[in-house]
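The chains referred to below are lettered A, B, ... by the order of the sequence lines, with proteins before strands, and numbering in each begins at 1. Keep in mind that this is a model prediction, so the values were computed, not measured.
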Amino acid sequence: MNYWLLKTEPDEYSLDDLRSEPSGQARWDGIRNYQARNLLRDAVQQGDQVLIYHSQCRPVGVAGTAEVVRAGYPDPAQFDPQSHYFDARASQEAPRWYCIDIRFVSAFPHTVTLADIKSEPALEDMVLRRQGRLSVQPVSPQEWRHVHAMAGGGK
DNA sequence: GCCAACGTTGGC
DNA sequence: GCCAACGTTGGC
């Protein structure tokens, strides 16, 4: 079982949106970056736990957690000409982009902000601090526990 | 809105 | 395969 961090802009799709899904889960699609794609396709597994990170907002940071309910599969949006995420270079035989399904697990009592993370020596190796733009990032078990402790409770 | 960092594209 | 130009992300 592995840990990940997924980035989202809450104006587009927030942790609360995930919590409100009638089905209790959502497709995490629209990832159009090769490094992130490779993680979704090859590494993220059902049962993995994820931190949900809100960017381009106030406060920027980790808002809560979710769980992977379906491992990587070809992102249907790449085949849909109506979609913003359509990619003419992709085909059913050779999909270019992948997505996963996740379900809401928890909202933190308060957001663990980027400033919090940057000021915490135990988190100095978090990918977030070195490669801020990567939208799917690995998180170590130690980092996972530490972020939870900073969130003020929970596991 | 600005700007730095970084990813992608395309000419050669 | 290199590298310049360009586009995008994302913090502030």
Nucleotide N/O of nucleotides 1-8 of chain C paired with protein N/O under 3.5 Å:
unit_1 : atom_1 : unit_2   : atom_2 : d
C/dT8  : O2     : A/Arg133 : NH2    : 2.8

* **DNA chain B contacts made by residues 35-44 of chain A, counting heavy atoms under 4.0 Å** => none
* Just grab all the salt bridge (charged side-chain N to carboxylate O under 4.0 Å, His left out) pairs involving residues 5-18 of chain A, residues at least two apart or on different chains. => A/Asp16-A/Arg19
* Any salt bridge (charged side-chain N to carboxylate O under 4.0 Å, His left out) involving residues 46-71 of chain A? Give me the pairs, sequence neighbours left out, ordered by first then second residue. =>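 Every pair satisfying salt bridge (charged side-chain N to carboxylate O under 4.0 Å, His left out) with a residue in residues 46-71 of chain A: A/Glu67-A/Arg103.
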* **Sorted by number, the residues of residues 115-132 of chain A with heavy-atom contact under 4.0 Å to DNA chain C** => A/Lys118, A/Gly132
* Asked: Residues from residues 85-92 of chain A sitting under 4.0 Å of DNA chain C, heavy atoms only?
  -> none
* Could you tell me which residues satisfy salt bridge (Lys or Arg N to Asp or Glu O under 4.0 Å) with A/Arg130, sequence neighbours excluded, listed by chain and number? => A/Asp125
* **Contacts of type salt bridge (Lys or Arg N to Asp or Glu O under 4.0 Å), residue A/Arg129, not counting sequence neighbours** =>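 For A/Arg129, no residue satisfies salt bridge (Lys or Arg N to Asp or Glu O under 4.0 Å) once neighbours in sequence are set aside.
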* Structure fact -> Residue set satisfying side chain to side chain contact (heavy atoms under 4.5 Å, CB included) with A/Tyr3, at least two apart, ordered chain then number -> A/Met1, A/Gln49, A/Val139, A/Pro141, A/Trp144
* To the nearest Å, give me how far apart CG (A/Leu114) and C1' (C/dC12) are. =>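 To the nearest whole Å, that distance equals 10 Å.
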* Among A/Thr65, A/Leu18, A/Val50, which one satisfies side-chain contact (heavy atoms from CB on, under 4.5 Å) with A/Val105? ->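 When A/Thr65, A/Leu18, A/Val50 are each tested with A/Val105, the side-chain contact (heavy atoms from CB on, under 4.5 Å) holds only for A/Thr65.
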* **From OG (A/Ser135) to CG (A/Leu39), nearest 0.5 Å** =>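 The distance works out to 9.0 Å.
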* **Side-chain N or O of A/Tyr53 closer than 4.0 Å to phosphate OP1/OP2 of C/dG11** => yes
* To do: Measure from the side-chain N and O atoms of A/Arg96 to the backbone N and O of A/Asp87, and report whether any donor-acceptor pair falls under 3.5 Å.
  =>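 Checking the backbone N and O of A/Asp87 against the side chain of A/Arg96, no donor-acceptor pair under 3.5 Å is found.
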* At what angle, to 10 degrees, do the two end axes of the helix from B/dG1-C/dC12 to B/dC12-C/dG1 meet, given five pairs define each axis? -> 10°
* **Cluster link A/Ile100 to A/Leu15, ILVMFWY, side chain under 4.5 Å** => yes
* Can you list the other members of the hydrophobic cluster that holds A/Trp97, where links are side-chain heavy atoms under 4.5 angstrom apart? -> A/Tyr34
* Asked: With A/Trp28, which residues qualify under ring pair (Phe, Tyr, Trp, His ring centres under 6.0 Å), at least two apart?
  -> none
